[in-house]
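Written out below as structure tokens is the structure these notes cover.
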Amino acid sequence: MSSQDQLILEEIWICPPLAFARFGQSPYPMENFHWAENDYSPRGTAETVIKPALTFNIDPNGNISAYLPEEIRFKDKGKWRPVCPFFELHGRWSDGHEGPIGLNELQAAKLSLNDVVWYVEAANRKAYHYTLAEGDLVAAAIEIPGTDHLLRPILGNSPEGAENPLIPPGVNVPLGHVQVIRPNPSWPELRLRITPPQGLIYAPSSVPR
């Protein structure tokens, strides 16, 4: 490739293509861990053993750092810690390179975070699954510039104009949060984090208690 040729991003995808989140009321996300070798010694417990793994810490402004937890906690004061997965932007370039897209890759293609926009869709289809009524579908969509690193709520609504909407107009149901992570030289990859909702229970306000 000559010095006059520009590196072209030919394909992009999200990695992992599928991840699982878990509800939780604690404000602290679940830390990473690996499965370790179970204790099958003659006097061992034979219980499942887990081992702390490198974990990302994200501050309110999207700054990222990493640490190794000393212990794994599933609850804080009786409240479950949510599992909050990360998603990275990967791509394939015209020079044959394939992998995570980070600050260096953007710069090589004469791009910046100003050229990046994340689009997130979320839905709760439980009621719709049983009724197939359009008004029972709860969905949300949010568009976030690559330079916006604040925690943003994902607010679900029933489809506009639907008959008998489960969520009345002007009201929404929180479907969690999304945060675009601010890349840095140590962790230059483009990624975002999904925080699931708390798992609260909703019911019609007109139903007698």
Side-chain angles (χ1 to χ4, degrees), residues 12-91 98-106 113 116 118 120-122 124 140 142 144-156 173-201:
I12 60 173
W13 61 89
I14 297 296
C15 187
L18 176 67
F20 293 91
R22 186 192 68 202
F23 296 153
Q25 290 77 44
S26 171
Y28 305 104
M30 187 68 200
E31 294 164 316
N32 286 343
F33 62 86
H34 293 307
W35 302 110
E37 186 176 353
N38 295 345
D39 183 5
Y40 290 134
S41 62
R43 295 184 181 276
T45 64
E47 294 180 346
T48 300
V49 178
I50 60 175
K51 180 180 180 180
L54 192 69
T55 298
F56 284 143
N57 179 65
I58 310 298
D59 74 9
N61 294 316
N63 295 304
I64 181 173
S65 59
Y67 68 100
L68 184 64
E70 295 182 357
E71 61 179 354
I72 296 299
R73 290 167 290 176
F74 288 87
K75 289 184 177 182
D76 294 301
K77 298 181 179 179
K79 296 182 178 180
W80 289 100
R81 288 191 167 195
V83 174
C84 307
F86 289 90
F87 294 90
E88 289 185 354
L89 183 63
H90 285 222
E98 179 179 314
I101 298 177
L103 295 176
N104 293 336
E105 287 76 17
L106 288 180
L113 293 179
V116 178
W118 296 85
V120 177
E121 294 183 350
N124 185 326
I142 181 172
I144 309 173
T147 54
D148 183 351
H149 304 292
L150 299 180
L151 190 68
R152 298 299 181 185
I154 305 173
L155 303 177
V173 171
L175 298 180
H177 293 80
V178 58
Q179 186 173 21
V180 175
I181 308 307
R182 188 191 305 272
N184 60 43
S186 298
W187 304 100
E189 301 83 7
L190 303 189
R191 54 169 62 91
L192 59 74
R193 182 181 222 176
I194 298 293
T195 300
Q198 294 185 0
L200 303 178
I201 298 175

Grab the two heavy atoms, one from [X] and one from [Y], that are nearest each other, plus how far apart they are.
| X | Y | answer |
| --- | --- | --- |
| Pro85 | Ala21 | CD-CB, 3.8 Å |
| Arg81 | Pro29 | NH1-O, 3.6 Å |
| Glu31 | Ile72 | CB-CD1, 4.2 Å |
| Leu68 | Ala53 | CD1-C, 3.5 Å |
| Ile154 | Ala122 | CG2-CB, 3.8 Å |
| Leu150 | Pro60 | CD2-O, 3.7 Å |

Are side-chain heavy atoms of [X] and [Y] found at a separation under 4.5 Å?
| X | Y | result |
| --- | --- | --- |
| Ile144 | Val178 | yes |
| Ile14 | Trp118 | yes |
| Pro17 | His90 | no |
| Leu190 | Leu106 | yes |
| Val120 | Leu192 | yes |

Give a yes or no on whether the backbone of [Y] and the side-chain of [X] come within a donor-acceptor separation of less than 3.5 Å.
| X | Y | value |
| --- | --- | --- |
| Asp59 | Asn61 | yes |
| Ser26 | Lys75 | no |
| Gln25 | Gln198 | yes |
| Asn32 | Leu54 | yes |
| Arg193 | Cys84 | yes |

What's the spacing between [X] [atom1] and [Y] [atom2] if we round to 0.5 Å?
| X | Y | atom1 | atom2 | result |
| --- | --- | --- | --- | --- |
| Glu105 | Leu89 | CD | CG | 10.0 Å |
| Lys51 | Phe33 | NZ | CZ | 14.0 Å |
| Trp187 | Leu103 | CH2 | CG | 13.5 Å |
| Ile181 | Phe56 | CD1 | CZ | 9.0 Å |
| Ile58 | Ile64 | CD1 | CD1 | 4.0 Å |
| Met30 | Asp76 | CE | CG | 9.5 Å |

Report task. For side-chain contact (heavy atoms from CB on, under 4.5 Å), just list the numbers for Val83 and Phe20, CA-CA rounded to whole Å, side-chain angles, deciding distance to a tenth of an Å, and then say yes or no. Result -> CA-CA 8 Å; Val83 174; Phe20 293 91; over 6 Å; no

Query raised in the report: Around Trp35, counting heavy atoms of other residues, nucleotides and ligands shown, do more than 12 lie under 6.0 Å from its CH2?
Result: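 Open: at most 12 neighbouring heavy atoms sit under 6.0 Å from CH2 of Trp35.
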
Requested in this report: Could you tell me whether Tyr28 atom OH has more than 12 heavy atoms of other residues or ligands within 6.0 Å of it?
Outcome: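 Count not over threshold, so no.
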
Query raised in the report: Just checking, is any N or O donor in the side chain of His177 or Gln179 under 3.5 Å from an acceptor N or O on the other one?
Result: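 There is no such pair (donor and acceptor under 3.5 Å, judged by atom type) between the side chains of His177 and Gln179.
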
Query - Steps toward side-chain contact (heavy atoms from CB on, under 4.5 Å) verdict (Leu113, Thr147) - result: CA-CA 6 Å; Leu113 293 179; Thr147 54; 3.8 Å; yes

